[in-house]
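Data first, discussion second: the structure below is written as structure tokens.
Lettering of chains follows the sequences in order, A, B, ..., and the numbering in each one begins at 1. Atoms considered below: every heavy atom in the structure, side chains included; atoms not considered: hydrogens, waters and symmetry mates. Nothing here was measured: the structure is a model prediction, and the numbers come from that model.
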There are 2 protein chains.
Amino acid sequence: MRLISIYKCLCDETRLRILNLLSVSPLCVCHLQSILRKPQVKVSQHLAFLKERGMVTRTRHQQWMIYALPASPGPELDANLRCLQDCVQSDPVFQADRAKLQELTAGRPVAMLLEEGCCPGPVSAALPHAPNLNAQRP
Amino acid sequence: MRLISIYKCLCDETRLRILNLLSVSPLCVCHLQSILRKPQVKVSQHLAFLKERGMVTRTRHQQWMIYALPASPGPELDANLRCLQDCVQSDPVFQADRAKLQELTAGRPVAMLLEEGCCPGPVSAALPHAPNLNAQRP
DNA sequence: TATTTATATACGCACTTTCGTATATTCGGC
DNA sequence: GCCGAATATACGAAAGTGCGTATATAAATA
């Protein structure tokens with residue numbers, strides 16, 4: 001049933017945080033990675049989980065994959081995303097995520113960010129796992 | 001997190017159907033059993049799951065256990081139960097459950113049903129697994 | 001074309017969930 | 001106190017989930 005599948009997507013904190021951020025704006029994986037401060041593989045896996053169940057869409061833009069909430073989510077998903085927004089308003093974790101996103105994008109739309117390069121210096125450098133790990137091996 | 005725990009409760013069909021019915025009225029296990037047509041142990045297990053997470057309350061009334069939605073569900077649970085009601089309005093399974101409940105109680109409150117005996121003849125007889133299984137063994 | 005960057009997938013392990021079988025508990029009536 | 005009805009709990013198997021390590025792919029660029 002559609003509703004069950006939606007709730008299965010919602011019962012993980014990382015996925016809730018991703019959906020909260022995507023409700024603000026479409027984002028690439030490295031944006032999510034740097035805001036959530038989770039390893040890339042974890043973010044990708046959760047995005048794959050969401051995509052398999054129709055909770056997000058994915059489009060390639062040059063080297064970046066842009067994830068977004070579906071244009072026509074259907075009534076159940078729509079209702080639950082609204083409900084999620086209500087529930088999340090008072091929660092410090094979700095608020096902080098939104099603040100970081102605002103800081104990262106400075107209010108500019110994703111398209112513009114992509115033109116400038118998706119994740120400039122500080123973003124990649126701020127990842128929780130050492131970036132360019134392969135490059136450091138001789 | 002509270003929200004996650006709520007969504008974990010919502011991501012099973014049997015539990016959704018139970019919550020849908022409890023949103024109409026407090027009910028005893030045998031009511032749920034006969035409406036859902038699931039084995040007793042399955043219903044009890046899901047009720048235990050819900051109770052552990054504060055999604056339902058339980059009170060004994062003579063030999064019956066009465067389950068109900070909590071009096072003060074808190075904002076997240078309240079929002080999600082409302083959202084669930086929205087999502088469920090158009091679904092035939094949930095509608096049928098409500099119709100069966102209406103038929104079973106004929107609009108009378110649970111208290112009155114309990115006075116008369118919780119689950120009179122036809123209800124227990126309609127269970128999917130043979131009732132009184134132990135009694136049939138010599 | 002070789003390398004780097006961004007991202008996805010494969011695989012394995014620990015943990016959780018679902019559900020069935022069997023057994024225990026609790027209450028009311030005899 | 002015994003029995004039956006209503007309900008709960010224990011336990012084990014099968015499936016699903018979360019996550020880490022390692023590897024693959026795809027685009028950009030030197």
Side-chain angles (χ1 to χ4, degrees), chain A residues 4-5 7-16 18 27-34 36 38-53 58-67 113-114 117-121 123-125 127-138, chain B residues 4-5 7-16 27-34 36 38-53 58-67 113-115 117-121 123-125 127-138:
Chain A
I4 309 282
S5 161
Y7 287 129
K8 287 201 179 186
C9 290
L10 297 179
C11 64
D12 174 273
E13 178 171 355
T14 302
R15 290 197 291 268
L16 279 190
I18 289 174
L27 292 170
C28 72
V29 180
C30 57
H31 282 134
L32 293 167
Q33 216 182 322
S34 73
L36 302 176
K38 305 273 185 193
Q40 174 263 321
V41 68
K42 187 168 169 178
V43 176
S44 271
Q45 282 169 343
H46 281 297
L47 286 167
F49 189 102
L50 291 171
K51 184 166 177 303
E52 274 170 17
R53 289 159 182 79
R58 183 172 74 179
T59 55
R60 182 178 282 281
H61 184 282
Q62 297 164 22
Q63 63 249 241
W64 301 287
M65 285 298 200
I66 310 299
Y67 285 86
L113 290 174
L114 291 172
C118 179
C119 291
V123 175
S124 297
L127 296 179
H129 61 296
N132 305 339
L133 206 68
N134 295 327
Q136 289 170 12
R137 294 197 177 187
Chain B
I4 310 279
S5 160
Y7 287 129
K8 287 203 178 187
C9 290
L10 297 178
C11 64
D12 173 274
E13 179 170 357
T14 302
R15 289 196 293 267
L16 279 190
L27 292 169
C28 73
V29 181
C30 59
H31 282 134
L32 292 168
Q33 215 182 323
S34 73
L36 301 176
K38 305 273 183 191
Q40 176 263 322
V41 68
K42 189 169 168 176
V43 175
S44 270
Q45 282 168 343
H46 282 298
L47 287 168
F49 189 102
L50 291 171
K51 185 165 176 306
E52 274 170 16
R53 290 158 183 79
R58 182 171 77 178
T59 55
R60 181 178 284 282
H61 185 283
Q62 296 165 23
Q63 63 250 237
W64 300 287
M65 285 297 197
I66 310 300
Y67 285 86
L113 291 172
L114 292 172
E115 297 309 318
C118 180
C119 291
V123 174
S124 297
L127 296 181
H129 60 294
N132 305 340
L133 205 67
N134 295 326
Q136 290 169 13
R137 294 196 176 187

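Residues A/L47 and A/L32 have side chains in contact (heavy-atom distance under 4.5 Å, counting atoms from C-beta outward).
At whole-Å resolution of the value, NZ in A/K51 and P in C/dT7 are 15 Å apart. One can place CE of A/M65 at 14 Å from C1' of C/dT5, the figure rounded to the nearest angstrom. Separating the CD1 atom of A/I66 from the C1' atom of C/dA6 is a distance of 11 Å, rounded to the nearest angstrom. Rounded to an integer number of Å, the gap from CG of A/L27 to P of C/dT7 is 11 Å. Atom CD of B/Q33 and atom P of D/dT7 are 7 Å apart (whole Å). Atom CZ in A/R58 sits roughly 11 Å away from atom P in C/dT7 (whole-Å rounding). In this structure, A/L47 places its CG atom 15 Å from C1' of D/dC19, rounding to the nearest Å. The CH2 atom of A/W64 sits 17 Å away from the C1' atom of D/dT25 (whole-angstrom rounding).
Applying the side chain to side chain contact (heavy atoms under 4.5 Å, CB included) criterion to B/T14, with sequence neighbours excluded, gives B/D12, B/I18, B/L36, B/K38, B/K42, B/H46. By the side chain to side chain contact (heavy atoms under 4.5 Å, CB included) test, A/R60 pairs with A/M65, sequence neighbours left out. With sequence neighbours left out, the side chain to side chain contact (heavy atoms under 4.5 Å, CB included) criterion links A/E13 to A/R17, A/V93, B/M1, B/I4. For A/R58, the side-chain hydrogen bond (donor to acceptor under 3.5 Å, both in side chains) partners are A/Y67, not counting sequence neighbours.
Here A/K8 contributes atom NZ and A/F49 contributes atom CZ; the two are 7.5 Å apart, rounded to the nearest 0.5 Å. The SG atom of B/C28 lies 11.5 Å from the CD atom of B/Q62; values are rounded to the nearest 0.5 Å. The distance from the CD atom of A/Q45 to the CD atom of A/Q40 is 9.0 Å, given to the nearest 0.5 Å. Atom NZ in A/K51 sits 12.0 Å away from atom OG in A/S44 (nearest 0.5 Å).
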Contact letters for nucleotides 25-30 of chain C, in which S counts primed atoms plus P, OP1 and OP2 and B counts the base, heavy atoms under 4.0 Å = -SSS--
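At the phosphate of C/dA6, neither OP1 nor OP2 sits under 4.0 Å from any side-chain N or O atom of A/Y67. Within the structure, every side-chain polar atom (N or O) of B/S44 is placed at least 4.0 Å from both OP1 and OP2 of D/dT7.
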Distances for protein N/O vs nucleotides 15-21 of chain C N/O pairs under 3.5 angstrom?
residue, atom, partner, partner atom, Å
C/dT18, OP1, B/R15, NH2, 3.2
C/dT18, OP2, B/R15, NH1, 2.9
C/dT18, OP2, B/R15, NH2, 3.4
C/dC19, OP1, B/K42, NZ, 3.3
C/dC19, OP2, B/H46, NE2, 3.0
C/dG20, O6, B/Q45, NE2, 2.7

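Between the side chain of B/R15 and the main chain of B/C9, a donor-acceptor pair closer than 3.5 Å is present.
Each end of the helix from C/dT1-D/dA30 to C/dC30-D/dG1 gets its own rotation axis from five pairs of C1' atoms, and the angle between them is 10° to the nearest 10 degrees.
Contact between B/L16 and A/Y7 at its shortest, heavy atoms only, is CD2-CE1, 4.0 Å.
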